[in-house]
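Comments concern the structure below.
Source: prediction; values computed, not measured.
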Amino acid sequence: MTEEHGGLDWLRGRSVLVAGAGVSGRATIEPLRDLGAHVTVTDSNVDALAECARLGAATVPIDDLLAERERVAEFALVVTSPGFRPDAPLLSVAAGDGVPIWGDIEFSWHVDRAGLYGPPRRWLVVTGTNGKTTTTSMLHSVLEAAGLPSLACGNIGLPVLDALRQTEPRADVLAVELSSFQLHWAPSVRPIAGAILNIAEDHLDWHGGMQPYIDAKARALTGEVAVLGLDDEVASSLFSSSPAARTLGFRLGVPAPGELGVEDGYLVDRAFADGERLAPADGITPPGPAGLMDALAAAALARAIGVPPAAVAAGLAAHVVGPHRAAHVADVGGVTFVDDSKATNPHAARPSILAHDRVVWIAGGLLKGARVDDLVREVAGRLAGAVLLGRDARQIAESLARHAPEVPVVTVETGDDAGVSAVPQTAMHRVVLPADTDSDAVMGVVVREAAALATAGDAVVLAPAAASLDMFDSYGHRGRSFADAVGRLDESDISRTPR
């Protein structure tokens, strides 16, 4: 730690409020204390606040703080976790009192630039509606193959602040996955290179509409090099307005000058070289168009800091796909079961469904304002059936009724659910469980119903097109619950009862 901390010296001896006691909130405590600030953490989760207290922070329940709202004006800064919406009552009070509000990524950027934990790192930022985690892990693999001390951090799991504090080994390059929430609260970040993979409807309830969501994603383009997915209509439309010193793109087809793409079975670089082959396309994991696009984006970011082609090839070859991303679970009675629980919006669910000729689709959860009509219209011809669960199952059922009325649909509901039966779907069947049925038991019924709709050669695909938090702790919990339920099947469960 240096004696002087640049633009953060003003925090010494001042009181800072951390909004959110989760992983990102806890990660701010030690750096703030290292800066000499007095740290208070607020949250509604009492257990999480107790953990923050053990880390040396003062704590206050958020309801108590809002009950004495004049206390908010006493803080010099609010550092917010990304889950807090801009219109959250606490942040509205802070803004009204003129208290600066930084996201944890904004704070991380200032900590890094100030040299609190040594010379500033090179940030390579990855964002997009889908593929962020896969691209970030691919990028990290490539950086490791190049011998560059690096860490994957941000939305991928390791808070950026924890990456900055890590000294053995010290990371000189950060592969930073950022969500739209994090980018919204991080206007100062200027990466060496930033990529937007794609942009589709997601988190519209949080952002208040599509344009604010796009604007948040576009903050990844404010550095030296901007990388855009040219096959995505919205991402590619940002090319002309990109503020980066250099903007380039990637596509699945043959790349033009200034692009990366695929030609003669290879990933090819015409942005940083004259048609240099980077890696064989058939060696990319995960396979398929989505995996290739993620690999091209990772390659572009790595090439932006001079990583040689051989390291790109080695890193992509070494990459192993993460769990719950179109993962093969089992084959039962000639039916393939696939866990793509990470497909938390319609855009993400699309490639998993299109990867199979006939699919029994398991979907539902929290749509977060996204529409499913375009997806259903595109995949209708592949659907052998659909099994729906979760709070927004009705919206998916209505879309299937409009665009795939002959597809058999089963809704699995708990007793306190209501209204799905009103959907005008001639092939609809309802399974109503007791109101106190836990989520794992619900998934067990869902999987059995899906198996009953499937025949040999079909794929049962969990690609929910929706978030998980209405029923499950996380998309990982949802995926594990699916895999456990599949493990209890046998061949007698396949094509069990024709509807």
Arg277 side chain near Pro309 side chain, heavy-atom distance below 4.5 Å: no
Main-chain N/O of Gly131 paired with Thr134 side-chain donor or acceptor, under 3.5 Å: no
Donor-acceptor contact present, side-chain Ser236 to main-chain Glu233, <3.5 Å: yes
Validation row: Leu267, Phe250 side chains within 4.5 angstrom (heavy atoms): no
Any donor-acceptor N/O pair, Ser81 side chain to Gly83 backbone, under 3.5 Å: no
Polar side-chain atom of Asp392 near backbone of Ala466 as donor-acceptor pair, under 3.5 Å: no
Donor-acceptor pair, side chain of Ser481 and main chain of Arg478, under 3.5 angstrom: no
Donor-acceptor contact below 3.5 Å, side chain Arg33 vs main chain Ala37: no
CG-CG distance between Leu366 and Asp470, expressed to the nearest 0.5 angstrom: 4.0 Å
Those residues that, when tested against Arg26, pass salt bridge (charged side-chain N to carboxylate O under 4.0 Å, His left out) (two or more places apart): none
Basic-acidic side-chain contact under 4.0 Å: Arg71, Glu74: no
Within 6.0 Å of CD in Gln166, more than 12 heavy atoms from elsewhere: yes
Flag if over 12 foreign heavy atoms under 6.0 Å of CZ, Arg246: yes
For Val60 against Leu65, the heavy-atom pair lying closest together: CG2-N, 4.1 Å
Pairwise distance NZ(Lys342) to OG(Ser468) - rounded to 0.5 angstrom: 10.5 Å
Non-hydrogen atoms of Ile199 and Ile214 that approach each other most closely: CG2-CG1, 4.0 Å
Asp64 and Thr42: CA distance, side-chain angles, deciding distance, side chain to side chain contact (heavy atoms under 4.5 Å, CB included) verdict: CA-CA 9 Å; Asp64 292 356; Thr42 187; over 6 Å; no
Candidate pair Arg325 and Thr133, rule side chain to side chain contact (heavy atoms under 4.5 Å, CB included), full reasoning: CA-CA 10 Å; Arg325 293 168 172 81; Thr133 299; 2.9 Å; yes
Residue pair Leu148, Arg122: steps toward the side chain to side chain contact (heavy atoms under 4.5 Å, CB included) verdict: CA-CA 11 Å; Leu148 294 171; Arg122 289 182 286 176; 4.1 Å; yes
Qualifying residue for side-chain contact (heavy atoms from CB on, under 4.5 Å) with Ile196, from Leu238, Val126, Val125: Leu238
Check: Leu230 main-chain N/O paired with Arg251 side-chain donor or acceptor under 3.5 Å: no
Closest approach of Met471 to Ser439 (non-hydrogen atoms, all atoms of both residues): O-CB, 3.2 Å
Ser150 vs Glu144, side chain to side chain donor-acceptor pair (under 3.5 Å): CA-CA, chis, key distance, verdict: CA-CA 7 Å; Ser150 61; Glu144 287 189 316; 5.4 Å; no
Non-hydrogen atoms of Val39 and Ile29 that approach each other most closely: CG2-O, 4.1 Å
Spatial distance of atom CG (Leu174) from atom CG (Leu164) [nearest 0.5 Å]: 6.0 Å
Donor-acceptor contact present, side-chain Asn198 to main-chain Thr129, <3.5 Å: yes
Heavy-atom side-chain proximity of Ile192 to Leu124 below 4.5 angstrom: yes
Side-chain touch His319/His140, heavy atoms, less than 4.5 angstrom: no
Crowding at CZ, Arg113 (>12 non-hydrogen neighbours, <6.0 Å): yes
Any Asn155 side-chain heavy atom under 4.5 Å of Leu178 side chain: no
Any side-chain heavy-atom pair of Thr40 and Ser15 under 4.5 Å: no
Side chain proximity check, Arg69 to Ser92, heavy atoms < 4.5 angstrom: no
Minimum heavy-atom distance between Asp232 and Leu197, given as atom pair plus value: CB-O, 4.2 Å
CZ-CG distance between Arg371 and Asn345, expressed to the nearest 0.5 angstrom: 13.5 Å
Flag, side chain of Thr222 to backbone of Val189, donor-acceptor distance under 3.5 Å: yes
Aromatic ring pairing Trp10/Trp102, orientation class (parallel under 30°, perpendicular over 60°, tilted between): perpendicular
Value rounded to 0.5 Å, distance of CG in Asp215 from CE in Met210: 10.5 Å
Side-chain donor or acceptor of Thr285 paired with backbone N/O of Val320 under 3.5 Å: no
Inter-residue atom distance His477.NE2 - Asp484.CG, 0.5 Å rounding: 8.5 Å
Audit row: Asp162, Cys153, side chain to side chain contact (heavy atoms under 4.5 Å, CB included) steps and yes/no: CA-CA 9 Å; Asp162 285 353; Cys153 56; over 6 Å; no
Closest non-hydrogen atom pair, Asp43 against Ala21: OD2-N, 2.6 Å
Min side-chain heavy-atom separation Tyr117-Val111 under 4.5 Å: yes
Asp274 atom CG: more than 12 heavy-atom contacts under 6.0 Å: no
